[in-house]
Protein chains: 2
Amino acid sequence: MPLSREKIAATAIRLADAHGLDGLSVRRIAKELGVGPMRLYDYVLNRSELLDLMVDVVYARIAEAGQRSEWRARVLAVAHATRDAALDHEWFSDLLGGRPHLGPHALAVGEATAAALSQAPGVRGIDDLQRALGALNAFIIGAVRREVTERRTTRSTGTDEAAFQASLGPYLTRMLKTGRYPTVARLVIDGAHLNAEETFDHNLTTVLDGITSRPRT
Amino acid sequence: MPLSREKIAATAIRLADAHGLDGLSVRRIAKELGVGPMRLYDYVLNRSELLDLMVDVVYARIAEAGQRSEWRARVLAVAHATRDAALDHEWFSDLLGGRPHLGPHALAVGEATAAALSQAPGVRGIDDLQRALGALNAFIIGAVRREVTERRTTRSTGTDEAAFQASLGPYLTRMLKTGRYPTVARLVIDGAHLNAEETFDHNLTTVLDGITSRPRT
DNA sequence: TATCTGTGTATACACCGTACGGTAGCGAGA
DNA sequence: TCTCGCTACCGTACGGTGTATACACAGATA
């Protein structure tokens, strides 16, 4: 088993899944592979190129969702696949939107969604397409990022309200008790019960409807 | 001048503006202040708390835009202020959505936009508000992030098409020449002339219109 | 056999965040 | 006034990072 970019990327992904991006070091990957650290630089230029590699592996999974024929189904599938991938690999959301994703599979995903959107009603010229793609991708990136960070904090604090108030409490509950942030306080207290996927889907259709100029059903 | 959290945050911001987040180290800030590195830990718990500090300073500027009375004007002002802040402090976009922003000024911004959105037509209960806020923030985060990374790459490559093709070319142009990504290719070639702020504003109103269930004008 | 080439490895460097121990100054009590 | 204790400050040191570079060694060729 002579070591390859794929093998390196796979173990890097496994480590990043387990310990996050901060816990992912070249030395550690090498140790996991039973190799000296410098060995990796024969297959990869940088640490950042290694990250690009990992990202594109994830995009490969997302690209499989872009096979649908009808434009709206395809966009929905890609968006949900991106969300699923980010929930499986939380480090992916840290990289999302951070640098341009130009790997072959990332480009394939971009092509699939762009082609789909170009068939949407209300998207007339290439300028429309550019804008629509920007809006859609912006929403996906932001929504996924938000959801992942939210998951991280609730995991570190616990979903239990008492535990939550105990960890964030010394600061956040004091802040909210000042009465200066009534709406935020109401959201924090009452608004925890929404289903995440449902919210994502709801807002996604909102954005899509906005793009296609049709009122929400 | 006895050193303070504000002073530390200010020089940290200055350094981050100049050299990016990667070029921002505790040691460097300390050296800039003419102090030993450990000196900062008397004012700040972690490097990450220092980042939180910097972020909240930026939010203070954004919060000033949340003073308008009419809900839509307020949302627009906050969104544009966020974008402006991120363009002035590109590192801010790296942190955007990365961890929960709970500083007093960040909370003030959250309160301002939440209160504004709660007055929007089509936002009925607190669940509607939660969703609407999620959609809006997701868009802002994603859009700003995208724009900043785009600015970075065009700055590092140069906006000149020849220079662009020379730097990304060996890889990207080869990829695009394969014909597997026709729509992306069309976007890259034809779609560079759009005004960024206009696009942001356009998509922002698209999202807002989607939230308020009204068709785009 | 001697040399050359290329591949895998170990060492080394500059830097990072930060734990820790020490010290100097200063206000309070004897 | 002297001393004690405490706080605020500071330098050093440790374990880690990415990666440049020098080296060892195997296999191929002259």
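We use all heavy atoms of the structure for the numbers below, so side chains are in, but hydrogens, waters and symmetry mates are not. All chains are named by letter (A, B, ...) in the order of the sequence lines, taking the proteins before the strands, and each is independently numbered beginning at 1.
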N-O pairing of R152(B) and D94(B) below 4.0 Å: yes

Proximal nucleotide (of dG17(C), dG18(D), dC10(D)) relative to the V26(B) side chain: dG17(C)

Non-hydrogen side-chain atoms of I189(A) and L176(A) separated by less than 4.5 Å: no

Rounded interatomic separation in angstrom, taking CG from L40(B) and C1' from dT18(C): 11 Å

salt_bridge(D128(B), R131(B)) N-O dist < 4.0 Å: yes

N/O (side chain, Y41(B)) to phosphate O (OP1/OP2, dC10(D)) under 4.0 Å: no

Whole angstrom value for the distance that separates P of dG8(C) from CG of L33(A): 14 Å

d(CZ, R28(A); P, dG18(D)) in whole Å: 12 Å

Contact summary for G66(A) and V78(A), nearest pair of heavy atoms: CA-CG2, 3.8 Å

Polar pair under 3.5 Å, donor/acceptor by atom type, side chain R27(A), base dG16(D): no

Interatomic distance where CG belongs to D22(B) and P belongs to dT17(D) [whole Å]: 17 Å

Given DNA chain C, 5'-ward residue of the pair L45(B) and Y43(A), judged by closest heavy atom: Y43(A)

Separation of dC20(C) C1' from D42(B) CG (nearest whole Å): 13 Å

Nearest-Å distance for atom pair CD1/C1', residues I8(A) and dG8(C): 13 Å

Between dC16(C) (P) and L50(B) (CG): distance, integer Å: 14 Å

Residue pair L40(A) / I8(A), side-chain heavy-atom distance below 4.5 Å: yes

Nucleotide of dT19(D), dC9(D), dC20(C) approaching M38(B) most closely (side-chain heavy atoms): dC20(C)

L15(B) side chain near W91(B) side chain, heavy-atom distance below 4.5 Å: no

Relative orientation of the end axes in the helix from dT1(C)-dA30(D) to dA30(C)-dT1(D), expressed as an angle to the nearest 10° (five pairs per end): 40°

R68(A) CZ: over 12 foreign heavy atoms closer than 6.0 Å: no

Length of the CG-P vector between L3(B) and dC10(D), whole Å: 9 Å

